[in-house]
Amino acid sequence: MRLLDKLKLNHHPRSGALDLLKYIGPGLLVTVGFIDPGNWATNLAAGSEFGYALLWVVTFSSIMLIIIQHNVAHLGIVTGLCLAEATTKYLPKKLSRPILISAMLASISTSLAEILGGAIALRMLFGIPIYVGAVIVTLACLLMLFSNTYSKIERWIITFVSIIGLSFLYELMLVDVDWHAAAVGWLKPSFPENSMLIIMGVLGAVVMPHNLFLHSEVIQSRSWNLEDEKVIQKQLKYEFYDTLLSMVIGWGINSAMVILAASSFFREKVVVEELDQAQQLLVPLVGNNAGVIFAAALLLAGVSSTITSGIAGASIFAGIFGEAYHHKDIHSKIGVLCSFIPALLLIFLVGDPFRGLIISQMVLSVQLPITIFTQVYLTSNRQVMGKFVNSRLTNGVLLLLGVIVTALNVGLLVSSW
């Protein structure tokens, strides 16, 4: 056995707050998918059209995401396999291959949206055409993924998320927020007239197929002894804290987007339908700095979400061959390319890039239920999970959330035609 493997086998995490900090990180990579350009668009639309009234949707979606993401991370910790590897190992090939191929298509669709978001930000900041910006974002993300270890990527993502969060704190300082109305909006469900499509959009954009594959993969960046039940229990506890903290951060940033739109655009009775429009309108309302910071934060969101989409694509593709993600592994590299290159080509081939964005969301709507119910099957299977199998209550909650997410995405799919 190699020395590194021996060190991993004998690794026992210590208790304490300082030790907990070592396990914070994987959840933040998932949070990036929760604050990607697609979420920006739906949040700004919600705040500009309905004010603070739909903040409860951000709260509900965050709770829903904590439950689903915790469950898939549970799979990675207990089995030592990511969702793609477990699908390959425990399902017959005639089922696993179509599931994972559809997941790769979903990864391509996700990458299309994320690359496009970064390209829009570059146009806002420097006037770079969308197509040129898309190439720049793709090449930059490929360079980062192929030349950095996971630990370095994680540190970059944490930095990006921190800057995005601070950017929105600054933006909120520039507007007059009605915090009482915001508090009511966070806790009290309401359904203003003509709001259902926006509600479905906010909820439907939260749980994404690639994030489920991603979380089960990156949670294994912290090594542990799978033969020691106490170590597994401790890892599950740390993972929950990581997921909870990360989703709360995501909740805060998404809430800030809605509040910013409500405090600026809704007050002026301006409905925002495009990200470019939001940036342009912020300048006369709250100053030029706000517009620049908005665009810079969008660029970081686009780049970081493109990177995590690439890791997810690599994990899915490598999982087809029963392998884990590694930035030097050939299957992982091919997986990244298979996620990015078709997405970039679609941006060029589709005459209207924003039409391509709609098509990408339709693909995600079709694939998401497949991933969720595959996850629930695996985590409820005693052969896979052993004594850590889902309880009946957990299964019931997961199935209910799966049905809700499926219904939301079917509704979005129908409304897009």
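Every heavy atom of this structure was used, including side-chain atoms; hydrogens, water molecules and symmetry mates were not.
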Colleague: Please confirm whether the ring centroid of Trp56 lies under 6.0 Å from the ring centroid of Phe191.
Modeller: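 Centroid separation for Trp56 and Phe191: below 6.0 Å.
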Colleague: Does the Tyr52 side chain pair with the main chain of Asp178, one donor and one acceptor, at a distance under 3.5 Å?
Modeller: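 Side chain of Tyr52 to backbone of Asp178: a pair is present.
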Colleague: Excluding sequence neighbours, so at least two apart, what forms side chain to side chain contact (heavy atoms under 4.5 Å, CB included) with Ile99?
Modeller: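 With neighbours one apart ignored, the set is Thr87, Leu91, Ile370, Thr374.
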Colleague: Can you name the residues that form a side chain to side chain contact (heavy atoms under 4.5 Å, CB included) with Met257, not counting sequence neighbours?
Modeller: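 Expected list: Ile35, Trp40, Asn43, Phe168, Ile253, Asn254.
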Colleague: Do other residues, nucleotides or ligands put more than 12 heavy atoms under 6.0 Å from Phe373 CZ?
Modeller: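 Yes - once you tally the heavy atoms of other residues, nucleotides and ligands closer than 6.0 Å, there are more than 12.
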Colleague: Hey, are the side chains of Ser62 and Phe34 touching, using non-hydrogen atoms and a 4.5 Å cut-off?
Modeller: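 When only atoms from C-beta onward are counted, Phe34 and Ser62 do touch, with a gap below 4.5 Å.
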Colleague: May I ask you to decide if Leu28's main-chain N or O and Ser246's side chain share a donor-acceptor pair within less than 3.5 Å?
Modeller: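 Yes; judged by distance alone, with no hydrogens or angles, the pair exists.
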Colleague: Do any N or O atoms from the side chain of Ser48 and from the backbone of Val272 form a donor-acceptor pair under 3.5 angstrom?
Modeller: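 Yes.
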Colleague: Verify, without hydrogens or angle tests, whether Gln375 (side chain) and Ile68 (backbone) share a donor-acceptor contact under 3.5 angstrom.
Modeller: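 Checked: pair present.
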Colleague: Listed by chain and number, what are the side chain to side chain contact (heavy atoms under 4.5 Å, CB included) partners of Thr59, not counting sequence neighbours?
Modeller: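 Partners of Thr59 by the side chain to side chain contact (heavy atoms under 4.5 Å, CB included) criterion, ordered by chain and then number, come out as Ile63, Trp186, Trp251.
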Colleague: Which one of Ile115, Asp36, Thr31 satisfies the side chain to side chain contact (heavy atoms under 4.5 Å, CB included) criterion with Ser305?
Modeller: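 Option passing the side chain to side chain contact (heavy atoms under 4.5 Å, CB included) with Ser305: Asp36.
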Colleague: For the side chain of Ser332 and the backbone of Lys328, is there at least one donor-acceptor N/O pair under 3.5 Å apart?
Modeller: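 No: the side chain of Ser332 does not pair with the backbone of Lys328.
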Colleague: Return the set of residues passing side-chain hydrogen bond (donor to acceptor under 3.5 Å, both in side chains) with Thr149 (not counting sequence neighbours), or none when no residue passes.
Modeller: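 For Thr149, the residues satisfying side-chain hydrogen bond (donor to acceptor under 3.5 Å, both in side chains) (neighbours in sequence not counted) are Ser151.
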Colleague: Can you see whether His70 engages Glu239 through a side-chain donor-acceptor pair at a distance of less than 3.5 angstrom?
Modeller: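 Their side chains do contain a donor-acceptor pair, which is all the 3.5 Å distance test asks for.
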Colleague: Can you tell me how far OG1 of Thr138 sits from CD1 of Ile341, rounded to the nearest 0.5 angstrom?
Modeller: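 It is 7.0 Å, given to the nearest 0.5 Å.
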Colleague: Give a yes or no on whether Tyr90 atom OH has more than 12 heavy-atom contacts from other residues, nucleotides or ligands under 6.0 Å away.
Modeller: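 Yes.
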Colleague: Are the side chain of Ser190 and the backbone N or O of Ala53 linked by a donor-acceptor pair below 3.5 Å?
Modeller: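 Side chain of Ser190 to backbone of Ala53, a donor-acceptor pair under 3.5 Å: yes, one is there.
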Colleague: Would you please name every residue forming a salt bridge (Lys or Arg N to Asp or Glu O under 4.0 Å) with Arg97, sequence neighbours left out?
Modeller: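 None.
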Colleague: Nearest 0.5 Å, please: how far is CD in Glu114 from OG in Ser109?
Modeller: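 It comes to 10.5 Å.
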Colleague: I'd like to check the salt bridge (Lys or Arg N to Asp or Glu O under 4.0 Å) partners of Lys269; sequence neighbours left out, ordered by chain and number.
Modeller: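 Here no residue qualifies.
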Colleague: Can you tell me how far apart OG (Ser61) and CD1 (Ile404) are? Round to the nearest 0.5 Å.
Modeller: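 Answer for the OG-CD1 pair, Ser61 versus Ile404, is 12.0 Å.
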